[in-house]
Amino acid sequence: TDAEIRAKGDYYDVFSQMFRDGFFKPQSVWCAAHGVEYQVHLNHEEMEMDLTRSEGDFIRDMKYVEEPGIDAIWHQIWTDTVSDFPRLASSAAHIYGHPRSFTESFAAYRPAPDVTMARYILNEQLVRGINVMETMFYSATAPAGTTPAPPAPAAPAALAPVPPAGVAAAAPPRRGGPSAVMRDPAWPALMDYVRRVGYVMSMGRPAASVALYIPSSSMWLNDRDSDTAFVASEQMLSERQVDFDIINQDALATDLKVGHGTLETMSGNQYRTVIIPSASILSQTELDRLKALASGGGKVLFLGRTPSLISGKTILDARAATPADFAFATVETSAQLPPTPTPPAQAPASPPVPQAVPAAIETALNKVLTNREVALDSPDTALKVNTRYLKDANVYFFFNEGAQPISHTVTIAAGIPGGYSGVFTGPGPINLAAPMVVESWDPSTGTASPIPYKQAKLAFTIKLDLKPYETKLITIK
């Protein structure tokens with residue numbers, strides 16, 4: 001019954017708080033007392049409906065974790081998948097003031113990646129804010145007395161099977177030591193590359209000024225549509241070069257600091273836009289905080305539908321929502337985003353079709369994202385970006401996730417709110433009256449070189465050319 005489903009929602013709310021405070025928090029306290037950082041990942045990060053059943057809410061669980069993480073296994077991240085779930089870990093780190101988030105990658109991959117595909121998989125996570133890479137795996141040696149299986153006779157070179165592109169060649173049986181991809185001669189250079197990128201992208205503070213709400217409380221009520229809309233909204237924002245964080249009910253209701261038209265994380269980045277994708281329930285406290293954000297000049301967008309329930313102390317006793325509850329916000333319910341395929345356990349039969357965003361949703365999105373920090377001369381869903389603000393520079397990490405080369409004129413509005421404008425104590429804006437330098441930093445060599453740019457007031461225009469699956473680290477300082 002409806003009452004039973006609401007009671008189940010309250011159960012998940014209570015159990016997930018108990019799980020956070022009784023499991024994760026004590027380990028965090030112990031680690032802090034013993035001078036080590038606490039890191040952990042959960043299950044089902046790419047399948048939120050499953051995660052809510054086993055762990056309640058990702059960001060709630062990660063509140064006391066110093067280094068939140070995700071697990072990239074099976075076939076979750078590949079050139080034929082859409083995988084924005086790594087942003088869960090980086091967002092939790094941003095919300096609660098931690099500089100690093102990690103991935104455990106390559107265990108149980110199907111098929112095992114070669115070093116070129118491994119680079120793609122790591123870049124896909126770097127551009128979504130992950131900055132510590134734990135690659136799997138370097139196994140222990142076998143117990144004494146274990147006899148390795150004899151190697152199979154080698155086939156003639158002409159008859160030897162050739163693995164598909166991106167797949168590591170079959171390795172001989174082994175007892176301990178690094179995996180096949182980690183034995184590739186190109187592996188140390190790849191590790192140098194991700195070490196440098198990860199270091200730079202953990203410095204300063206995050207730059208996201210857009211927050212996408214994860215409707216976990218709706219999922220507690222068996223609402224699959226809210227999960228579908230959330231994942232599709234992740235894809236839409238990523239493919240429009242919007243650097244965003246994911247926030248949950250705790251962040252929205254209590255943990256973010258309310259400013260004038262802003263919600264500020266413990267890392268210092270301020271959200272000026274909050275997007276609610278097809279949530280079926282919000283708490284009154286969340287609704288009130290969204291109204292306060294809008295009254296100060298912030299933007300709120302309800303996509304797909306507005307919540308039908310507004311809860312107070314409990315979900316069981318939630319009241320029915322009315323249109324007046326959302327009169328302060330931009331509401332777009334005439335269109336729906338198409339579903340984004342769930343990252344699979346095995347290679348899909350075909351890559352996902354491009355996401356077709358309805359014109360009504362594009363219009364609504366443009367209404368609430370009036371000042372975009374990164375703008376292209378033409379739309380390009382393959383290009384992704386992650387931004388950090390250092391003490392004396394802005395850093396932009398670009399990644400071409402597509403199989404075709406791209407070339408764009410890119411305008412970086414470094415003077416929009418949250419960028420270089422105004423006065424900021426600590427990492428963030430600098431003095432634009434001083435001579436500016438735009439550089440390309442090469443993470444493979446550790447070298448920096450100036451690049452041509454044009455400046456119009458607080459906007460910088462550069463030419464960005466990227467080969468298939470290439471990255472570029474651009475700084476303005």
Side-chain angles (χ1 to χ4, degrees), residues 67 69-70 72 77 79 83 86-87 89-90 93-94 99-106 113-135 166 181-182 184-208 238 241 243 373-374 382-402 405-408 410 412 414 427 437-453 460 462-477:
E67 201 170 287
I70 54 96
I77 302 175
T79 53
S83 303
R87 202 181 295 267
S90 61
H94 298 168
R100 289 176 292 277
S101 55
F102 83 98
T103 175
E104 177 188 303
S105 291
F106 307 134
D114 63 11
V115 73
T116 301
M117 186 59 68
R119 176 182 289 267
Y120 176 91
I121 293 167
L122 296 176
N123 278 328
E124 198 271 7
Q125 298 174 83
L126 283 165
V127 84
R128 288 165 176 82
I130 300 296
N131 49 34
V132 174
M133 307 295 166
E134 297 190 0
T135 56
V181 67
M182 295 171 73
D184 191 297
W187 185 257
L190 175 57
M191 292 299 97
D192 282 344
Y193 162 83
V194 297
R195 175 173 54 83
R196 287 194 178 104
V197 176
Y199 174 80
V200 171
M201 301 309 289
S202 67
M203 295 294 101
R205 66 171 173 85
S238 292
Q241 296 78 50
D243 188 9
E373 187 163 2
V374 175
L383 184 63
K384 308 300 191 297
V385 65
N386 179 26
T387 307
R388 299 284 295 194
Y389 295 152
L390 310 186
K391 183 176 182 180
D392 61 350
N394 280 13
V395 182
Y396 303 88
F397 180 68
F398 291 98
F399 178 34
N400 176 13
E401 290 188 355
I406 61 176
S407 179
H408 287 287
V410 180
I412 299 173
V437 176
V438 181
E439 293 181 328
S440 175
W441 289 0
D442 186 344
S444 296
T445 63
T447 59
S449 54
I451 59 175
Y453 70 92
F460 298 80
I462 62 172
K463 187 68 180 301
L464 183 66
D465 297 307
L466 292 173
K467 300 172 185 176
Y469 311 129
E470 186 181 13
T471 64
K472 191 159 287 187
L473 202 56
I474 304 295
T475 65
I476 302 176
K477 61 179 185 175

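Atom set for the values below is all heavy atoms of this structure, side chains included, hydrogens, waters and symmetry mates excluded.
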Handout entry: Closest non-hydrogen atom pair between A118 and P113, with its separation
Key = N-CB, 4.0 Å
Problem - Heavy-atom pair with the smallest gap, counting every atom of N400 and L466 - result: ND2-O, 3.7 Å
Problem - Residue pair L126 / F399, side-chain heavy-atom distance below 4.5 Å - result: no
Practice task
Step by step, work out the side chain to side chain contact (heavy atoms under 4.5 Å, CB included) result for E470 and F398.
Solution key: CA-CA 8 Å; E470 186 181 13; F398 291 98; over 6 Å; no
Exercise for the section: First locate atom CD of E104, then atom CD of E134, and finally report the distance between them rounded to the nearest 0.5 Å. Expected result: 7.0 Å
Practice task
Determine, stepwise, if the pair Q125 / S105 fulfils side chain to side chain donor-acceptor pair (under 3.5 Å).
Solution key: CA-CA 10 Å; Q125 298 174 83; S105 291; 3.1 Å; yes
Handout entry: Nearest non-hydrogen partners of T103 and A72, listed with the distance
Key = OG1-CB, 4.1 Å
Exercise for the section: Evaluate the side chain to side chain contact (heavy atoms under 4.5 Å, CB included) criterion for residues N394 and T475: first the C-alpha distance (whole Å), next the side-chain angles of each, then the deciding distance (0.1 Å), finally the verdict. Expected result: CA-CA 6 Å; N394 280 13; T475 65; over 6 Å; no
Exercise for the section: Report the residues that fulfil side chain to side chain contact (heavy atoms under 4.5 Å, CB included) with A89, sequence neighbours left out, ordered by chain and then residue number. Expected result: F58, P68, I70, S101, I130
Practice task
Give the minimum heavy-atom separation between I462 and P452, together with the two atoms involved.
Solution key: CG2-O, 3.9 Å
Problem - Heavy-atom side-chain proximity of D114 to D184 below 4.5 angstrom - result: no
Handout entry: Intermediate values then yes/no, side chain to side chain contact (heavy atoms under 4.5 Å, CB included), Q241 and L383
Key = CA-CA 7 Å; Q241 296 78 50; L383 184 63; 3.9 Å; yes
Completion exercise
d(L473 CG, Y193 OH) to nearest 0.5 Å is 8.0 Å
Exercise for the section: Could you give me the CA-CA distance, side-chain angles and deciding distance for S407 and K463, then say whether side chain to side chain contact (heavy atoms under 4.5 Å, CB included) is met? Expected result: CA-CA 7 Å; S407 179; K463 187 68 180 301; 3.0 Å; yes
Practice task
Measure from the side-chain N and O atoms of N386 to the backbone N and O of R128, and report whether any donor-acceptor pair falls under 3.5 Å.
Solution key: no
Acceptor/donor pairs from residues 443-450 side chains to any protein atom, 3.5 angstrom cut, sequence neighbours excluded:
residue	atom	partner	partner atom	Å
T445	OG1	D442	OD2	3.4
T445	OG1	T447	N	3.3
T445	OG1	T447	OG1	2.7

Handout entry: Value rounded to 0.5 Å, distance of NZ in K391 from NZ in K477
Key = 14.0 Å
Handout entry: Minimum side-chain heavy-atom gap R388-V200 below 4.5 Å
Key = no
Exercise for the section: Could you tell me whether the side chain of F106 reaches within less than 4.5 Å of the side chain of L122, counting heavy atoms only? Expected result: yes
Handout entry: Residue pair Y469 / T116, side-chain donor-acceptor N/O under 3.5 Å
Key = no
Completion exercise
The reported gap from OG1 in T471 to CD in E401 (rounded to nearest 0.5 angstrom) is 11.5 Å
Exercise for the section: Taking the side chain as every heavy atom from C-beta outward, state whether I451 and E439 have any pair of such atoms under 4.5 Å apart. Expected result: no
Handout entry: Close side-chain approach of T135 to W187, heavy-atom, < 4.5 Å
Key = yes
Handout entry: Within-4.5 Å side-chain heavy-atom neighbours: R205 and L390
Key = no
Problem - Donor-acceptor pair between S83 and E124 side chains, under 3.5 angstrom - result: no
Handout entry: Beyond-backbone contact of T79 with M117, side-chain heavy atoms, under 4.5 angstrom
Key = yes
Problem - Centroid separation F460 to Y396 less than 6.0 Å - result: no
Exercise for the section: Identify the two heavy atoms, one from R87 and one from D243, that lie closest to each other, and give their separation to 0.1 Å. Expected result: NH1-OD1, 3.7 Å
